[in-house]
*Asks:* 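Okay, handing you the structure first.
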Amino acid sequence: MNLKTIFLHFFLGCSLALSAQYEFHQPSGYNTKTYQKLIVKVGNQQEPYTQKIMKLIQDYWTLCPVTFYSDKFDKSWLIEGNLFLNFERYTLASQYVRDYGNNGGVSNGQVNYNDYYYLDFWVIDKKYKPKYDWWDYKNTVARSEFYLRTIGMGEEEYKMFKIDPYDISGIRESVYSVQREELYPKAFDFTAQNFAAQYLNGTEGQIKNMIQYVNAQVSKGREKDFFENDKNPTELSQLKTQTLYVPNYWFGASGTICQNLASGEKYLEITQKYIADLLKAYPYKIELINRESLNQKILSATEDFYYLNYIQSSADKIISVVNGKTGNVIYAEVNKNSYRIKEKDLEKLGKQIK
């Protein structure tokens, strides 16, 4: 029997290298003086929360003027000097296929998906012509990843979300795809009030920090791959005396991973112990803070403070530390094919503080 295994890939969204939270590029022929306008895709501009996010972008994006749109994209905007910002999903789908050759028949395995959700800051390539498909000529200037609540969930996590694992793995591709789209939205409005209920680092304050950091790095013309680790030893030294805040993504409020579990349930107790042990691994002052308290602390910050920013980007784990006042990332460590923040991650961070 001639047995072959074929690995197939499918892409949704623009084709980018798979990566961690931030990525920066300076497209050929562009520099910081080239950007004349930032054009941002937002939701219903009559909604109060959307208006708050719009004002936040206007306040903290200082590189060029900002304008917003909600409806159809106007291709006349695709000219040199315009920078665009919108929310996107990038999907890598893989499937093993067995070809039995002359014996006949092909056996298709289950399709596995890796999803990445992010803010994309982009320009149109100078080679673009109106007769072309414009999305093939997008050049990313900066990208900032979001942490979807359901990414990286194993069998226990499916139970936690009250999803039968058989509904995911024991069915054919067509049914699986329908179920998957219910679990993993392919489009989402980052200016909507319920955005933070789906994306753990999608609060108003954390979006503020993203805008601040991207604005600062693009202004410098920085180049950075998403998998590139980073640290600022001078600012890290502040953590010898300052408290490191850890946003509680796991339990205690809506929008957290364990939001559907009642007090006393076994998995919730296991999760609470996991977080307690995690905090003990850090050698300096550390405090668990609920998401809304951190959100308000960022929005009202008048002095430097620091919080841990853990993101599960599909199969890749990113551990970083952010200055909540400035948005500056002072530490970033990326681990490929790794799930869940672990005690050794905080021990390693502690060793960098000198």
*Asks:* Inspect the surroundings of NZ in Lys126 and state if more than 12 heavy atoms from other residues, nucleotides or ligands are less than 6.0 Å away.
*Replies:* yes

*Asks:* Using the salt bridge (charged side-chain N to carboxylate O under 4.0 Å, His left out) rule, take Arg143 and Glu145 through it: C-alpha gap first, then chi angles, then the decisive distance, then the call.
*Replies:* CA-CA 7 Å; Arg143 169 175 160 175; Glu145 199 95 353; 3.3 Å; yes

*Asks:* Ignoring hydrogens, what is the shortest heavy-atom contact between Tyr284 and Gly350? Give both atom names and the distance.
*Replies:* CE1-O, 3.7 Å

*Asks:* Between Leu200 and Thr256, which heavy-atom pair has the shortest distance, and what is it?
*Replies:* CD2-CA, 4.4 Å

*Asks:* Measuring from atom CD of Gln36 to atom SG of Cys64, what distance do you get when rounded to the nearest 0.5 angstrom?
*Replies:* 8.0 Å

*Asks:* Passes side-chain contact (heavy atoms from CB on, under 4.5 Å), Gln352 versus Glu333? Steps please.
*Replies:* CA-CA 11 Å; Gln352 302 300 314; Glu333 179 79 17; over 6 Å; no

*Asks:* Is a donor on one side and an acceptor on the other found under 3.5 Å between the side chain of Asp189 and the backbone of Thr191?
*Replies:* yes

*Asks:* State, with a plain yes or no, whether a side-chain heavy atom of Leu83 is found less than 4.5 Å away from one of Val141.
*Replies:* yes

*Asks:* To the nearest 0.5 Å, tell me how far Trp250 CH2 sits from Leu268 CG.
*Replies:* 13.5 Å

*Asks:* Keeping Asn290 on the side-chain end and Ser293 on the backbone end, is there a donor-acceptor pair under 3.5 Å?
*Replies:* yes

*Asks:* If every non-hydrogen atom of Gly202 is compared with every non-hydrogen atom of Ala196, which pair is closest and at what distance?
*Replies:* O-CB, 3.7 Å

*Asks:* Return yes if some donor-acceptor pair links the side-chain N/O of Ser144 with the main-chain N/O of Leu119 below 3.5 Å, else return no.
*Replies:* no

*Asks:* Would you say the side chain of Glu204 lies within less than 4.5 Å of the side chain of Ile53, judging by non-hydrogen atoms?
*Replies:* yes

*Asks:* Answer yes or no: is there a donor N or O on one side and an acceptor on the other, between the side chain of Arg291 and the main chain of Ala253, under 3.5 Å?
*Replies:* no

*Asks:* Quick one, Lys344 and Glu347 - any side-chain contact, counting heavy atoms below 4.5 Å?
*Replies:* yes

*Asks:* Looking at Asp59 and Leu56, would you say the former's side chain and the latter's main chain have a donor-acceptor pair under 3.5 Å?
*Replies:* no

*Asks:* Would you check, one step at a time, whether the test ring pair (Phe, Tyr, Trp, His ring centres under 6.0 Å) holds for Tyr199 with Tyr117?
*Replies:* CA-CA 9 Å; Tyr199 299 88; Tyr117 300 83; 5.6 Å; yes

*Asks:* State, to 0.1 Å, how close Phe24 and Ala142 come at their nearest heavy-atom pair, and which atoms those are.
*Replies:* CD2-CB, 3.7 Å

*Asks:* Report yes or no: is the cationic atom of Arg340 (NZ for Lys, CZ for Arg) closer than 6.0 Å to the six-membered ring centre of Tyr274, at no more than 45° off its axis?
*Replies:* yes

*Asks:* Please check if any side-chain donor atom of Tyr306 sits under 3.5 Å from a side-chain acceptor atom of Glu235, or the reverse.
*Replies:* yes

*Asks:* Would you compute the distance between atom CD of Glu287 and atom CG of Leu294 and round it to the nearest 0.5 angstrom?
*Replies:* 10.5 Å

*Asks:* For Tyr132 and Asp125, does a side-chain donor sit closer than 3.5 Å to a side-chain acceptor?
*Replies:* no

*Asks:* For residues Phe146 and Gln206, determine if any side-chain heavy atom of one lies less than 4.5 Å from a side-chain heavy atom of the other.
*Replies:* no

*Asks:* Does some side-chain heavy atom of Lys317 sit less than 4.5 Å from a side-chain heavy atom of Asp345?
*Replies:* yes

*Asks:* Just checking, any donor-acceptor pair under 3.5 angstrom between side chains of Thr140 and Asp120?
*Replies:* yes

*Asks:* Is it the case that one hydrophobic cluster holds both Ile275 and Tyr267, taking links as side-chain heavy atoms less than 4.5 Å apart, direct or via other members?
*Replies:* yes

*Asks:* How long is the straight-line distance from CD1 of Ile207 back to CG of Leu299, given to the nearest 0.5 Å?
*Replies:* 10.0 Å

*Asks:* Taking the side chain as every heavy atom from C-beta outward, state whether Glu343 and Asp277 have any pair of such atoms under 4.5 Å apart.
*Replies:* yes

*Asks:* Identify the two heavy atoms, one from Gln51 and one from Gln45, that lie closest to each other, and give their separation to 0.1 Å.
*Replies:* NE2-O, 3.0 Å

*Asks:* Any idea which heavy atoms bring Pro27 and Val123 closest together, and the distance?
*Replies:* CG-CG2, 3.7 Å

*Asks:* Decide side-chain contact (heavy atoms from CB on, under 4.5 Å) for Tyr22 and Met210; before the verdict, give the C-alpha distance in whole Å, the side-chain angles of both, and the deciding distance to 0.1 Å.
*Replies:* CA-CA 9 Å; Tyr22 285 106; Met210 291 180 191; 3.5 Å; yes

*Asks:* Checking ring pair (Phe, Tyr, Trp, His ring centres under 6.0 Å) between Phe87 and each of Phe190, Phe195, Tyr118, which is the one that passes?
*Replies:* Phe195

*Asks:* Before giving the answer on side-chain contact (heavy atoms from CB on, under 4.5 Å), spell out for Val218 and Leu63 the whole-Å C-alpha distance, their side-chain angles and the decisive distance to 0.1 Å.
*Replies:* CA-CA 8 Å; Val218 172; Leu63 185 58; 3.5 Å; yes

*Asks:* Treat each ILVMFWY residue as a node, draw an edge where side-chain heavy atoms are under 4.5 Å apart, and state whether Tyr282 and Leu279 are in one component.
*Replies:* yes

*Asks:* Under the criterion side-chain contact (heavy atoms from CB on, under 4.5 Å), which of Leu244, Val329, Asn309 is the partner of Val321?
*Replies:* Leu244

*Asks:* For Asn215 and Gln212, test the side chains for any donor-to-acceptor distance below 3.5 angstrom and give the result as yes or no.
*Replies:* no

*Asks:* Under 3.5 Å, side chain of Asn323 to main-chain N/O of Asn328, donor-acceptor pair present?
*Replies:* no

*Asks:* Write out all pairs satisfying ring pair (Phe, Tyr, Trp, His ring centres under 6.0 Å) with one or both partners inside residues 54-75, taking only residues at least two apart or from two chains.
*Replies:* Trp61-Phe121, Tyr69-Phe73, Tyr69-Trp77, Phe73-Trp77, Phe73-Phe84, Phe73-Trp134

*Asks:* Please answer whether the main-chain N or O of Thr241 pairs with a side-chain N or O of Lys285 as donor and acceptor at a distance below 3.5 Å.
*Replies:* yes

*Asks:* Can Leu308 and Leu349 be said to form a side-chain contact (heavy atoms from CB on, under 4.5 Å), step by step?
*Replies:* CA-CA 10 Å; Leu308 189 76; Leu349 169 61; 4.1 Å; yes

*Asks:* Does any N or O in the side chain of Asn209 come within less than 3.5 Å of the main-chain N or O of Gly324, such that one atom is a donor and the other an acceptor?
*Replies:* yes

*Asks:* When you compare the side chain of Leu346 with that of Ile286, does any pair of heavy atoms fall below 4.5 Å?
*Replies:* yes

*Asks:* Between Tyr249 and Tyr310, does the ring centre distance come in under 6.0 Å?
*Replies:* no

*Asks:* Might you confirm whether atom NZ of Lys41 has over 12 heavy atoms from other residues, nucleotides or ligands at distances under 6.0 Å?
*Replies:* yes

*Asks:* Let me confirm one number: the NZ-CD1 distance from Lys231 to Ile353, rounded to the nearest 0.5 Å.
*Replies:* 11.0 Å

*Asks:* Are the side chain of Ser70 and the backbone N or O of Asn44 linked by a donor-acceptor pair below 3.5 Å?
*Replies:* no

*Asks:* Hey, could you give me the OG/OH distance between Ser219 and Tyr35, rounded to the nearest 0.5 Å?
*Replies:* 10.0 Å

*Asks:* Whether the side chain of Lys208 engages the backbone of Ile298 through a donor-acceptor N/O pair (distance < 3.5 Å, no angle test) should be reported.
*Replies:* yes

